[in-house]
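Notes follow the structure.
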There are 2 protein chains.
Amino acid sequence: MPRSSDRVTIHDVAQRAAVSRQTVSNVLTHPTRVRPETLERVQAAIAELGYQPSSSAQSLRSQRAGAVGVEINTLGPRSHNETMAPFLGSLAMRAAEHGSHMVPFGSPGDRPMVDGYQAMWARRLVDAFIIADTHHGDPRPAWLEENGIPFASFGRVWDDPTFTGWVDVDGAAGTGAAVAHCADLGYRAVGYLGWPSGSVVGDDRRAGWAAGCARTGVAPGPEESCDQDLDDARAAARRLLADLGPSDAVVCASDILALGLHHELLAAGREPGSEVGVVGFDGSDTALMHHLTTVEQPLDQIADRILDLLDDALAGRPRPPAGSLLQPVLLRGDSTSARSRSR
Amino acid sequence: MPRSSDRVTIHDVAQRAAVSRQTVSNVLTHPTRVRPETLERVQAAIAELGYQPSSSAQSLRSQRAGAVGVEINTLGPRSHNETMAPFLGSLAMRAAEHGSHMVPFGSPGDRPMVDGYQAMWARRLVDAFIIADTHHGDPRPAWLEENGIPFASFGRVWDDPTFTGWVDVDGAAGTGAAVAHCADLGYRAVGYLGWPSGSVVGDDRRAGWAAGCARTGVAPGPEESCDQDLDDARAAARRLLADLGPSDAVVCASDILALGLHHELLAAGREPGSEVGVVGFDGSDTALMHHLTTVEQPLDQIADRILDLLDDALAGRPRPPAGSLLQPVLLRGDSTSARSRSR
DNA sequence: GGCCTTGATTTGAACGATCAAATCGGTACA
DNA sequence: TGTACCGATTTGATCGTTCAAATCAAGGCC
């Protein structure tokens, strides 16, 4: 009899169904090995007792924690949260289907270090890691690789073209689609508000804008750059405004930048959308809240693909021949609207 | 010799230091039981091999997962993220010091159900849960209590005054401080932009405003209410504007509402701060980004206290006599500024 | 010198699951 | 009738750790 107030174990089920522990185990993991009649009886016992295998015991036996570490930079650029928080949400939801769970952990410092990873890995609290926002000189990919620790990355790992365990959003395609969208709506010239050149993500998005202009034949409008910060964005937007003709549009490298432009347009008495088009990037809550047209990152898809990559790595399957580049989706808001077709 | 490429276990350390497994274990958990000389030798071996006990093995042995479940409502009101994401960050950071980690999990539905909790608990993936945003009729606290599952709550559990395992922010004190701040700066009347009455949190914050006006002797300004949504907030703010005199201020139930008012003020050509004071609530990124004066929730403190509560519960210590009500902190932004003392 | 106490260390057992190998019962075949 | 075989089931061992009990060595005391 299962002692009440005590967890029901495989042994309790075995006794109840008058079989051995192993048969119960087989019912759950290798049902074909069990005679149909027995299967049914054991399944009934499992249901009656509400048995669920203990994850601790399974972890020890299988040498798998069933967990994946995700670093969250609380002290880093605040804007990170804008993407990382929903992404962690997507991961947590999807992970359940992959039979694992996320373990967020923080590194106190403002720049990514391997200390936190080291601590989680040494005790095997996790089987793998998911990293994001890697940049040139990021110590993490190399360290993980050297120590044979499975990991996957949201964002290309620029330092090591050999590494294919990444999933990224096709930024250039996104800004390209944004330009096409503006061209379709009839905006005259399409400008660009981006980040200072040098960041790989930023350069990619800018390239998509330039290529989009060339492809659609729309004139490239004025261009400015600033940091990922609302105040900076507003200052840059003000510089941009002078050169911005009526019925021009601006594609931005992020929703924060788009919001800065949006605010400055209103301050200058020019209505976003009907007078000047604004397209953001990221599909953040901020953009949705302000009804900005934006390029949405398919976070659910990214999470799914990343978890698949980790499953493969943990199963010892070889890495894919190349990383996954997912297509973002243009999300129409009120900051772009159809022009009267008078040109 | 520890087989390379294989995890170093307690056994490896024992061999290296020429002692038994148990002595190594004692060195880490009961150092006083070990002769100083031996202690040193074993510690050296531990350091040389870089031994860290396996968390899976410890979990099985101690019947403790060392993890705490936190539900994240991805599909719920988006504004939840505004507070919950940073809160999860604080929890994750603090948890490390408490020897545990967070496991975020999602429930697909939009209203809180116990299914997700049930699944995590059945397999003992977690030892306890942290719940937030409980409301009247919330099934979770009662269910957790019934099943003897340890938990703590961010936010009072209104349905059960007996339950003291909660930590909350003193909302009334926060809005009261906001009123005092406005009075100090010399604003004439202080209005209120809140949520429809009926929500416990909202009613609390509104009460603080009313009491604050009475206490400081400042005249209560006009009042409006709306949902936690930027569009709604702007509509309500527009209604408010008509009744809003020059040099009046408005205390808001949330940063989103404050932002709505901020935007409408600009649209009406009235400058936030110098002309009309605006105070938000939550200390969210949105508020910081827009330099709104806001009432900041001490998330780190809350996380710390909640983890303490869980430690107590897991150790079988009795619940505190009452819940913890923490004081929020007023964060000065540009949306309130000193009036010229001409009255 | 023998016996008891104390402190340090070791051995045995257990946590709950699953893999591998052993056992069991029945059927087919010579 | 005996044996080889096959599917179904059970037993033994293991993952890495820690509690409880056993062992061991040294010192104190009569």
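What you see is a predicted model; the values in this text were computed from it and never measured. Convention: sequence-line order gives letters A, B, ...; per-chain numbering from 1.
No side-chain donor from either of A:Gln63 and B:Arg7 sits under 3.5 Å from a side-chain acceptor of the other.
In this structure, A:Arg21 places its CZ atom 9 Å from P of D:dG12, rounding to the nearest Å. As rounded to whole Å, 3 Å separates atom P of D:dT17 from atom OH of B:Tyr51. Counting to the nearest Å, the P atom of D:dT17 and the CD1 atom of B:Ile46 are 11 Å from each other. Remark: C1' of D:dT17 and CZ of A:Arg123 are 11 Å apart, rounded to the nearest angstrom. Put simply, CG on B:Leu49 is 16 Å from C1' on D:dG16, counting in whole angstrom units. Distance B:His11 NE2 to D:dT14 P: 12 Å, rounded to the nearest Å. The CD atom of A:Gln52 sits 12 Å away from the P atom of C:dT18 (whole-angstrom rounding). Rounding to whole angstrom units, CD of residue B:Gln58 and P of D:dC15 are separated by 17 Å.
Side chain of A:Arg35, nearest nucleotide from D:dA8, C:dA17, D:dT10: D:dA8. Here the side chain of B:Ala57 is nearest to one of C:dA17, D:dT17, D:dT10, namely D:dT17.
OP1 or OP2 of C:dC15 has not a single side-chain nitrogen or oxygen of B:Ser62 nearer than 4.0 Å. Dashed line: the shortest gap from a side-chain N or O of A:His30 to OP1 or OP2 of C:dC19 is under 4.0 Å. Between C:dT10 and B:Ser20, a contact under 4.0 Å exists linking OP1 or OP2 to a side-chain N or O. Put simply, A:Thr38 has a side-chain N or O that comes within less than 4.0 Å of OP1 or OP2 on D:dT9. The shortest distance between the side-chain N/O atoms of A:Arg61 and the OP1/OP2 oxygens of C:dG16 is not below 4.0 Å.
A residue-by-residue look at B:Gln63 and B:Thr23 shows that B:Thr23 has its nearest nucleotide of DNA chain C further toward the 5' end. Mapping B:Gln22 and B:Leu60 onto DNA chain C by nearest heavy atom places B:Gln22 closer to the 5' end of the strand.
For the ring pair (Phe, Tyr, Trp, His ring centres under 6.0 Å) with A:Phe129, the lone residue among A:Tyr117, A:Trp143, A:Phe151 that qualifies is A:Tyr117.
In this structure, OG1 in A:Thr83 is found 12.5 Å from CG in A:Leu88, a value given to the nearest 0.5 Å.
A salt bridge between B:Arg319 and B:Glu145 is present, with a side-chain N of the basic residue lying under 4.0 Å from a carboxylate O of the acidic one.
Here B:Ser59 lies out of heavy-atom contact (under 4.0 Å) with every strand.
With A:Trp121 as the aromatic partner, A:Arg124 meets the cation-pi criteria of under 6.0 angstrom to the ring centre and within 45 degrees of the ring axis.
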